[in-house]
Amino acid sequence: MDVDGESTSAVATEARLIPVLSGRSKAMYQFTQQSLPACKPVLTPAWVITTFFLVGALFIPIGLVSLHASHSVVEIVDRYDSECVPDLFKSNKVEYIKDMSIHKNCSRHLKVHKHMKAPIFIYYQLDNYYQNHRRYVKSRSDRQLLHGLQHNDTSSCTPEESSNGLPIVPCGLIAWSLFNDTYSFSRGTHKLRVNRKNIAWKSDRNHKFGKQVYPFNFQNGTLIGGGKLDPNIPLSDQEDLIVWMRTAALPSFRKLYGRIEDDLNVDDVVVVNLLNNYNTYSFGGTKELVLSTSSWLGGRNNFLGMAYTSVGFSSILVAFIFLLLHVRNPSLNIRAVC
Amino acid sequence: MAETSSGGKKKGKGKVKWSKLYTFSCLRPSFDTDQQLLGQPGFSRVVFCNESRLHHLKPHKYPNNYISTTKYNVATFLPKALFEQFRRVANLYFLFAAVLSLTLTSLAPFSPASMVAPLVFVVGISMLKEALEDWHRFLQDLNVNSRKVMVHTGNGLFVEKAWKALCVGDVVKINKNEYFPSDLLLLSSSYEDGLCYVETMNLDGETNLKVKRCLEATLGLDEDSDFQKFKSTIRCEDPNASLYTFVGNLDFENQSYPFGPCQVLLRDSKLRNTDYVFGVVIFTGPDTKVVRNSTRPPSKRSRIERKMDYVIYVLFSILVFISLVNSVGSTLYTDSDSFKWWYLRFQEHKNPFFNPSKPLYSGFLQFVRALILYGYLIPISLYVSIELVKVLQAMLINKDLQMYDEISSKFVEARTSNLNEELGQVEMILSDKTGTLTCNQMEFRKCSIEGISYGGDMNEVDIAASKRMNIDVERYRFSLDGSDSTGRSLEMFEFSAADHASTEKDVLGHEQGAENLGTNDSRIPAFRKESMIKGFNFRDDQLLNKLWIYRSNVSDMVMFFRVMALCHTGIPVDDDDQTGKVMYEAESPEEVCFLIAAQEFGFKFCRRSQSVMVLSELDPSSGLEVERKYKLLNLLEFSSSRKRMSVIVSDENGQIFLLCKGADNIVFDRLADNGRTYQQATTMHLLSYAEDGLRTLVFAYRKVEVNVYERWNSTFTKAKATMGPQREEELENAAAIIEKELILLGAVAVDDKLQDGVPECIDRLAQAGLKIWLLTGDKMETAVNIGYACSLLRHDMKQLHLSLSKEAETSNQVKVMKEDILHQIQSSYDMTIDEKNKEAPFALVVDGKALEIALRSDTRDQFLQLAVSCASVICCRVSPKQKAFITRSVKQHTGKTTLAIGDGANDVGMIQEADIGVGISGMEGMQ
């Protein structure tokens with residue numbers, strides 16, 4: 001990174017040619033003549049090769065550490081949507097899920113293959129579910145969520161805006177289609193402690209959802225979508241709703257359900273009792289339950305580590321190629337070529 | 001001096017046939033055929049001279065002399081400017097989108113304001129710029145329209161009036177160096193023969209003076225008071241755009257006189273060398289030929305603009321493609337699965353965009369919507385930002401201190417802000433030599449008379465040449481005698497000691513100059529301490545101090561000087577009473593330089609009257625100054641195809657001479673057998689002059705017998721009388737008949753000084769990898785030397801020469817020549833391919849004749865292929881037409897940006913042809 005000597009000398013000569021210029025006009029002159037002093041790094045072979053080596057040497061360890069962190073995360077994924085339909089309804093799952101009279105109880109046995117340290121995060125994962133559809137995303141009223149009935153304009157919530165002349169609280173398709181499967185966990189005979197608090201963003205709880213807003217007329221209409229809400233609890237405490245209303249960007253997404261606050265040991269069998277209420281059958285979606293620990297990097301995701309290591313390795317490769325070329329053709333004047 | 005001419009003194013010498021002198025420029029063809037057209041449609045104009053009030057009423061009401069070059073007026077500005085703006089594709093698209101978003105609010109994905117506001121802003125700024133430009137034009141018009149001119153108001157009184165108040169039929173008086181306010185019929189001038197000199201630079205870019213001549217009938221009207229009773233009627237053609245034709249008829253004193261373009265003074269040309277003229281206004285304002293002619297020059301669209309259009313089309317197609325994908329996807333989605341997505345509830349509350357029952361319609365709506373939504377893919381502000389940047393750049397260029405010329409206190413002027421960015425993309429520079437690389441200030445340097453060379457000191461070109469031969473200046477100085485002796489092979493003994501001293505002094509002086517080469521001004525005083533005569537840089541006491549008259553064979557020397565003093569078209573303009581020296585004006589600076597030199601040698605051209613040229617010449621026998629009159633019989637003009645010019649004069653004894661000067665090869669072809677006495681020596685001198693980068697001309701003469709002349713004159717007159725396209729040819733043939741059997745006198749060499757800093761500049765350009773072409777009309781040797789002097793050619797370059805071989809030239813068959821050239825091109829090209837990897841760049845030197853063959857359509861591609869691979873190309877003996885043609889070929893062949901630079905009228909074609917034209921406002925006047 002050497003400042004090009006020629007350019008500075010050129011500046012000097014030009015300054016000499018134009019002797020009577022005050023500071024500002026001189027700066028303007030230098031600017032318009034493009035002769036401002038500048039750093040012009042010359043890409044010599046040594047400089048380029050060292051840079052590539054350095055990049056490689058820096059990136060590979062970062063990548064390896066990230067990969068390690070990702071691999072240390074223990075994750076149990078269990079798809080239950082088809083398993084939980086009784087054999088009788090296997091051919092017509094939609095009818096099964098729509099039939100309110102049938103109990104949707106289901107229990108799953110999850111084997112822990114590796115020690116899992118608390119807190120263990122519980123997610124539900126939906127696939128082929130388009131929370132990002134324009135019609136869906138727009139169908140909410142943020143002001144109503146915060147101010148309740150004080151805000152009357154719920155036109156954005158179509159087609160789920162009002163019932164019996166009163167705006168639905170909370171209005172809109174998102175709230176209407178609230179996910180309503182429930183899970184409870186037990187190991188052996190005793191239940192596992194599951195914390196369902198603090199699963200939503202703090203800012204959402206405090207600033208986006210009103211503390212005085214109660215869902216008094218939610219899911220009262222003719223068409224019932226998803227889950228119902230306790231009309232006695234204000235929206236700011238309906239954390240499942242808050243989580244659900246933070247819409248996912250991709251059709252396959254996980255949302256936080258709660259945390260298990262006990263460690264799980266190897267070969268423990270966790271029994272999950274769930275209510276399979278939510279209809280993903282009509283559009284061919286899937287439902288999965290995910291138990292996962294976390295590392296300093298978050299959940300299990302190899303992408304960052306892979307990216308770092310691959311970039312590091314390729315830059316070392318490039319450095320070697322350049323080195324080879326340079327050794328073979330040392331006379332090649334790169335300055336002239338540039 | 002008393003003898004020098006002025007308008008008044010010429011009076012009373014009687015009417016003489018000027019048309020004889022200006023045979024080519026001003027002749028009066030018969031009007032018989034054209035006259036019949038008058039009164040017919042297209043030739044219906046009637047002008048009542050001196051009765052302009054008749055033209056206030058119909059049917060002879062003509063527009064007044066107000067001209068307007070503005071594009072808009074207050075009323076038309078808005079619609080016209082808006083129309084201009086929305087001719088841009090992007091603007092139109094945004095207008096369309098804005099209208100959509102305004103009318104169908106449900107369709108637009110965002111609020112209409114965010115669509116309309118940027119459009120209004122962008123269009124507003126562009127229109128503001130238009131308005132400003134038009135305002136400037138308006139101010140300019142105002143300035144022109146309020147110029148003053150003397151108009152006759154009756155009773156012989158002339159009163160100043162503004163140009164715009166001028167009416168058809170007014171009689172106006174124009175003084176020296178004034179512009180003509182409208183198209184006039186010349187009535188009379190301060191010269192008693194009704195001549196006047198006109199500079200038509202604004203019309204056709206030619207700097208030489210043209211002669212206009214009035215009708216004999218109106219010759220007498222040369223006093224203000226004569227116009228008291230002047231009445232006449234003009235019938236002439238209707239306004240049209242043809243500058244060189246005119247048909248008219250003047251009814252004066254019950255007689256009808258036809259007149260033509262020779263009597264018409266056109267607006268925007270300038271009166272020169274004539275004290276005043278009187279004229280009648282025929283065409284005013286918008287009817288004048290120059291206004292009719294002023295089509296707006298086709299604006300040179302810069303590459304970036306062309307690219308921008310292209311980019312916008314590409315972007316638009318991308319946009320349409322994206323929208324299509326979008327709508328097709330949406331259609332399929334709506335059509336097939338959407339009702340299954342229960343949480344979206346498509347079934348109820350029909351949204352037209354997602355209507356499963358009408359998927360195609362929904363798809364179409366989605367398409368329109370996507371077009372609007374993704375509309376910002378098309379950069380709306382790009383035009384405006386680029387335009388603003390360009391205007392700023394042009395301002396910076398115009399204000400650039402480094403391009404400030406102190407002498408004329410002028411800044412560089414960027415005529416259009418459209419082409420700034422192209423400057424950085426130039427890859428080819430095509431340059432003229434004269435006036436661009438060199439100053440076009442001719443200096444008389446050397447001459448060779450009777451095979452003896454006179455004069456000799458060094459200029460920049462010499463220095464470069466000597467450097468090339470690895471002789472430093474120091475050594476050159478001491479070996480000067482030796483090297484000169486080759487030039488002065490004969491009569492060395494005639495050198496005086498004083499001559500040595502002066503030559504040495506000059507070299508010393510020049511060395512001083514060479515050190516501070518950058519400052520031209522400081523050098524000239526050092527260089528010319530003794531005599532400061534512009535255009536004369538000649539040292540030879542032999543010639544200057546009249547020593548030559550003691551020599552034996554004096555008659556040829558006298559003849560030589562006579563050619564110098566007589567064979568030209570110049571006129572003396574000014575005399576300086578203190579020194580007795582006369583200043584001259586002529587068509588080319590060379591002629592001026594010859595006249596000045598002749599004056600120094602004692603052959604002063606004193607004045608020219610109608611057909612007599614007066615010389616004050618040194619009589620070799622007595623050593624006294626004698627005034628001699630020469631009767632000018634004919635003048636055979638210079639033209640680029642003839643490359644020579646002759647005058648036929650008869651001296652006081654009635655002996656007729658043909659004096660000729662011209663390019664060496666042309667003149668040598670026309671020598672008589674007994675006129676070749678000095679040919680060998682002269683050729684040698686010419687060669688050495690050319691090597692020094694000097695321009696050379698050869699002088700010759702011929703004695704013509706009276707009967708021969710008479711016979712020839714009749715054919716020549718016949719040729720003159722012919723009309724139509726073959727006239728030129730006939731005249732040329734007629735001239736060729738008499739221009740033969742010449743006797744060679746000698747040669748002169750004039751020096752075209754290099755401009756300041758040219759070598760450094762070219763060196764830098766070459767280092768930046770630009771390819772430089774030098775297109776010159778000079779000889780190959782001269783051109784190569786100039787090339788060396790301005791470091792266009794360097795020693796490490798490999799020179800390739802392209803010229804016709806002797807055999808091919810003599811055989812004079814196109815096929816043979818073509819094969820020859822093709823062969824040369826092929827071998828040269830192979831060489832460049834072979835040595836491509838080596839560092840040495842190539843230089844190509846092409847001869848004019850070879851170029852002519854090479855530029856034929858079938859060999860052109862190969863030639864250009866070769867030329868493009870060379871770092872610099874020098875084309876010698878190129879005609880202006882060829883210059884333009886080369887420029888066009890290079891541009892088409894390579895597709896790279898070309899810059900043409902030149903000053904003279906001969907470069908106009910080239911400058912217009914190139915992507916960027918740079919005109920230098922040099923000595924020849926601003927163009």
Side-chain angles (χ1 to χ4, degrees), chain A residues 10 13-15 17-21 25-26 28-35 94 97-98 126 128-139 155 157-161 172-180 221-227 244 247 251 278-285 333 336, chain B residues 105-106 109-110 326-327 329-330 333-334 336-356 362 365-366 369-370 373 389 392-404 406 411-412 414 420-421 423-424 518-519 757 760 764 767-769 837-839:
Chain A
T13 49
E14 267 158 32
L17 278 172
I18 312 296
V20 273
L21 277 180
S25 57
K26 189 186 163 201
M28 188 62 189
Y29 177 80
Q30 284 185 337
F31 172 69
T32 57
Q33 291 294 323
Q34 306 200 349
S35 59
V94 180
I97 205 78
K98 281 189 172 167
L126 296 179
N128 199 19
Y129 193 104
Y130 289 89
Q131 264 202 318
N132 54 4
H133 193 280
R134 180 182 173 82
R135 187 176 157 94
Y136 189 79
V137 170
K138 285 184 73 176
S139 184
S155 59
C157 290
T158 49
E160 189 66 16
E161 42 186 316
L173 284 177
I174 309 177
W176 177 77
S177 61
L178 176 66
F179 186 74
N180 58 353
T222 46
L223 209 62
I224 309 273
W244 182 252
T247 51
Y278 202 68
N279 177 11
T280 56
Y281 302 104
S282 62
F283 55 85
N333 192 349
Chain B
T105 34
S106 65
F110 40 73
N326 214 328
S327 64
S330 169
Y333 176 88
T334 317
S336 62
D337 282 349
S338 61
F339 60 92
K340 292 183 192 162
W341 311 89
W342 57 267
Y343 52 93
L344 298 175
R345 290 186 32 191
F346 281 129
Q347 291 84 353
E348 44 183 312
H349 188 84
K350 297 284 189 288
N351 183 332
F353 292 105
F354 309 101
N355 192 343
S362 302
L365 287 183
Q366 286 285 2
R369 185 178 208 170
L373 180 66
V389 165
L392 283 178
Q393 274 179 343
M395 261 165 63
L396 285 176
I397 291 175
N398 288 344
K399 292 268 154 64
D400 197 330
L401 269 183
Q402 289 203 334
M403 298 217 262
Y404 178 73
E406 279 167 20
F411 283 106
V412 63
N420 301 335
E421 75 281 350
L423 283 174
T519 52
E760 292 87 338
R764 283 190 193 176
Q767 277 180 15
N837 299 329
K838 293 183 188 164
E839 289 286 305

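So that the names make sense, note that chain A is the first sequence line, chain B the second, and so on, each numbered from 1.
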Fill in: Separation between CZ of B/Arg369 and CZ of A/Arg134, rounded to the nearest 0.5 Å
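B/Arg369 CZ to A/Arg134 CZ: 4.0 Å, rounded to 0.5 Å.
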Fill in: Qualifying residue for ring-ring contact (aromatic ring centres under 6.0 Å, His included) with B/Tyr343, from A/Trp244, A/Tyr130, A/Tyr129
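The ring-ring contact (aromatic ring centres under 6.0 Å, His included) with B/Tyr343 is passed solely by A/Tyr129 among A/Trp244, A/Tyr130, A/Tyr129.
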Worksheet item: Does the ring of B/Trp341 carry A/Arg135 above it, NZ/CZ under 6.0 angstrom from centre and within 45° of its axis?
Response: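 Cation-pi check for A/Arg135 and B/Trp341: fails.
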Practice prompt. Name the region of A/Tyr278, side chain, backbone, both or neither, that has any atom closer than 4.5 Å to a heavy atom of chain B.
Written response: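 A/Tyr278 touches chain B through side-chain heavy atoms alone.
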Worksheet entry | Residue pair B/Trp342 / A/Ser282: nearest heavy atoms and the distance that separates them |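 Closest pair (atom of B/Trp342, atom of A/Ser282, distance): CD1-OG, 3.1 Å.
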Worksheet item: Considering all heavy atoms of both residues, which atom of A/Leu173 and which atom of B/Leu344 are nearest to each other, and what is their separation?
Response: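 In terms of heavy atoms, the two residues are closest at CD1-O, 3.6 Å.
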